[in-house]
Every structure is written in C-alpha cells, then in structure tokens.
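Below is one structure, written out as structure tokens, with a few remarks after it.
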Amino acid sequence: MRKKEEDQGAKLLRCALGILLGGLLALGVCLLFLLGTSVAISSGVIGMELTYQITIVGCVLGGFCGGLLTVRRCGGGLAAGLATGAVLFLLVLTLGALCFRDVTLEAGGIGLLCGALCGGAVAGLLGSGDRGKRKKHRKR
C-alpha cells in the first residue's frame, strides 16, 4: 500500500519543524551555558584565556541537547542530529553577523562548526537506538 502524498508532506513538515525547534533549543542551551561561564570568568574562577574552548564546549552541549529533541520528535538518527548542529551553527553565525562586523570562518568559525556538528552527531547516534521498542515474545 502506497502512502499518500499528504502523509509524506506532513511527515516532512514535522521533521523540518523538529529540526528548527531542536536548533532553537540548542541555541538556548548554548547561550545559557555561556552565560554561566561568563559569570565564572567575571568572578575569576575560570581564566580569560579559555574563552574559545568554552565557546566550543557550549556548541557541543547545545548541539547535543537540540539533537536529542530532534531525534525524539522525528527520528532520522545521525542525519537529524547533523541537521540540528548545522541549524545551530547558522543561528550562531547569524547572531555573530548581527553583533560583530567581522564574521569569518578563519576567526574561529571552523571550531564552532565542528563542535555543533559533533554534538548533533552524538545525539543522533545515541538517540536513534532501540528506544524500548523490543518485541515481546510469547512463552511456549
């Protein structure tokens, strides 16, 4: 039995919305993590020289959380996680372009891209598991 086009379109729309929501959640988690670490830097707990590494860790954490949401909403595994990481990177790049004049990949964008994609990929690999859908076997 073939699926109707409406069903496929609805599934595609649901997945696109899941990826967008996952990217927004990833951005929120990343910004909250960076807010917390900026407080720690201001209080002197963390050194100022670690800001780039902390930013990459924030992208990894954000990509992971957003990727988990996306995989749970629409499935897709690795592809959905990578798409969420890409959306996170594009949102971070857009915010950087709005706030700063010089936005180049050579100024640290490659590390942010790798961090966001790695976080999303790990979420896609971990979230696409069996999820408890094992078949129950009848005892004979």
Side-chain angles (χ1 to χ4, degrees):
M1 177 181 258
R2 293 181 72 186
K3 291 184 177 181
K4 295 182 181 179
E5 289 183 20
E6 295 90 13
D7 294 339
Q8 292 175 354
K11 183 178 179 182
L12 183 64
L13 184 64
R14 183 173 46 98
C15 285
L17 184 63
I19 290 170
L20 184 61
L21 287 176
L24 289 173
L25 175 70
L27 181 67
V29 168
C30 181
L31 290 177
L32 282 175
F33 176 77
L34 292 177
L35 177 67
T37 55
S38 67
V39 169
I41 289 173
S42 295
S43 65
V45 175
I46 300 174
M48 186 77 168
E49 65 276 357
L50 296 175
T51 55
Y52 181 64
Q53 289 85 358
I54 289 171
T55 307
I56 293 175
V57 169
C59 283
V60 170
L61 288 175
F64 181 74
C65 293
L68 281 179
L69 176 73
T70 301
V71 169
R72 290 196 194 282
R73 284 184 62 96
C74 67
L78 183 62
L82 287 174
T84 303
V87 168
L88 170 62
F89 175 70
L90 291 175
L91 289 172
V92 168
L93 192 66
T94 302
L95 284 176
L98 291 174
C99 296
F100 304 107
R101 290 184 185 180
D102 184 31
V103 178
T104 60
L105 291 179
E106 292 83 23
I110 298 294
L112 298 179
L113 174 64
C114 291
L117 289 177
C118 286
V122 169
L125 290 174
L126 292 179
S128 67
D130 196 15
R131 285 190 257 165
K133 294 184 179 179
R134 295 183 182 170
K135 294 181 182 178
K136 295 182 179 180
H137 297 286
R138 291 182 4 196
K139 293 182 181 179
R140 293 185 181 198

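Residue indices begin at 1 and follow the sequence shown.
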V57 reachable from L25 in the ILVMFWY side-chain graph, under 4.5 Å edges: no

Smallest separation among heavy atoms of A116 and L88, with atom names: CB-CD2, 3.8 Å

Shared hydrophobic cluster for M48 and V45 (ILVMFWY, side-chain gaps under 4.5 Å): yes

Shortest non-hydrogen contact from A83 toward I19: CB-CD1, 3.8 Å

Euclidean distance, L13 CG relative to C74 SG, rounded to 0.5 Å: 11.0 Å

From SG (C15) to CG (L20), nearest 0.5 Å: 13.0 Å

F64 to L126 - nearest heavy-atom pair and separation: CE1-CD1, 4.0 Å

ILVMFWY network linking V60 to V29, side-chain heavy atoms under 4.5 angstrom: no

From L93, L91, V87, residue fulfilling side-chain contact (heavy atoms from CB on, under 4.5 Å) relative to F89: L93

Distance-minimising heavy-atom pair for T55 and L34: CA-CD2, 3.8 Å

F33 CZ to T37 OG1 distance, which is reported to the nearest 0.5 Å: 5.0 Å

Single-linkage hydrophobic cluster Y52~L113, side-chain heavy atoms < 4.5 angstrom: yes

Evaluation steps, side chain to side chain contact (heavy atoms under 4.5 Å, CB included), between L27 and L95: CA-CA 10 Å; L27 181 67; L95 284 176; 4.0 Å; yes

Backbone N/O of G81 and side chain of T70: donor-acceptor pair under 3.5 Å: no

Co-membership, hydrophobic cluster, residues L50 and V39, 4.5 Å side-chain: no

Pairwise distance CG(L32) to CG(L61) - rounded to 0.5 angstrom: 11.5 Å

Nearest heavy-atom neighbours spanning R73 and R14: O-NH1, 3.1 Å

I54 CD1 to I46 CD1 distance, which is reported to the nearest 0.5 Å: 4.5 Å

For the student: nearest non-hydrogen atoms of T84 and G23, plus distance: CG2-N, 3.7 Å

Nearest-0.5 Å distance, CG of residue L82 to CG of residue L117: 6.0 Å

